[in-house]
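The block underneath contains the structure these notes are about, expressed in structure tokens.
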Amino acid sequence: QVQLVESGGGLVQPGGSLRLSCAASGFAFRLDSMRWYRQAPGKERELVAHISTFSSGTSYADSVKGRFTISRDNAKNTVYLQMNSLKPEDTAVYFCNAPVRGAWGQGTQVTVSS
């Protein structure tokens with residue numbers, strides 16, 4: 001059974017940092033690309049970052065380039081999203097996604113507010 005479990009969300013002040021984690025199980029994690037999405041209230045879900053297998057390539061939404069970093073640890077079956085210089089507009093529920101599997105995590109709330 002494919003399972004993705006996110007953690008690491010919370011409340012942070014503008015300019016602060018958070019690191020999200022997504023623990024994967026039930027599939028050959030190292031062979032799959034992984035993605036982070038987010039969905040703010042009243043908005044559509046948007047792709048934030050993508051990482052290829054074995055970390056061979058990454059891509060980011062323009063809105064987070066230079067501030068967010070996606071990475072993976074294939075030994076731990078975990079993908080990360082390091083978020084720096086957070087802004088109020090980064091407030092959203094963040095979801096981990098395994099696109100080939102069509103699998104989604106339950107989401108973790110990130111709130112950026114003073």
Discussion item. Show, in sequence, the C-alpha distance, side-chain angles and deciding distance for R72 and T78, and conclude whether the side-chain contact (heavy atoms from CB on, under 4.5 Å) test is met.
Written reply: CA-CA 6 Å; R72 65 191 298 160; T78 300; over 6 Å; no
Could you go through the side-chain contact (heavy atoms from CB on, under 4.5 Å) check for T91 and V110 one step at a time? CA-CA 5 Å; T91 296; V110 171; 5.9 Å; no
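The environment of E89 atom CD is dense: over 12 non-hydrogen atoms of other residues, nucleotides or ligands sit within 6.0 angstrom.
In plain terms, the two heavy atoms of S33 and P99 that are nearest each other are O-CD, 3.4 Å. The nearest pair of heavy atoms linking K43 to Q39 is O-NE2, 3.2 Å. The nearest pair of heavy atoms linking W36 to S21 is CH2-O, 3.7 Å.
Using a distance-only test at 3.5 Å, with no hydrogens or angles considered, a donor-acceptor pair links the side chain of R67 to the main chain of S85. At distances below 3.5 Å, at least one donor-acceptor pair connects side-chain atoms of Q106 with backbone N or O atoms of E6. Listed for the S113 side chain is no donor-acceptor partner under 3.5 Å among the backbone atoms of T111. Not a single donor-acceptor pair under 3.5 Å links the side chain of Q13 to the backbone N or O of S114. Side-chain N or O atoms of D90 include one that pairs as donor or acceptor with a backbone N or O of K87 at under 3.5 Å. Judged purely by atom type and a 3.5 angstrom limit, E46 has no side-chain atom pairing as donor or acceptor with the backbone of R38. In this structure, N97 contributes its side chain and A103 its backbone to a donor-acceptor pair below 3.5 Å. Between the side chain of Q109 and the backbone N or O of G9 there is no donor-acceptor pair closer than 3.5 Å.
The shortest side-chain heavy-atom distance between F29 and M34 falls under the 4.5 Å cut-off. At a threshold of 4.5 Å between non-hydrogen side-chain atoms, the residues M83 and Y94 count as touching. F27 is listed as a side-chain neighbour of L4, based on a closest heavy-atom distance under 4.5 Å.
Each of I70, V79, L81 was compared with L20 under the side chain to side chain contact (heavy atoms under 4.5 Å, CB included) criterion, and only L81 meets it.
Geometric assessment of R19 against the ring of Y80 yields a positive cation-pi assignment under the 6.0 Å and 45° thresholds.
Taking CD1 of I51 as the start and OG1 of T69 as the end, the distance is 10.0 Å to the nearest 0.5 Å.
Not counting sequence neighbours, the partners of N84 by the side chain to side chain donor-acceptor pair (under 3.5 Å) test are S17, Q82.
Applying the under-4.5 Å side-chain rule to Ile, Leu, Val, Met, Phe, Trp and Tyr, the cluster around Y37 extends to L47, V93, F95, W104.
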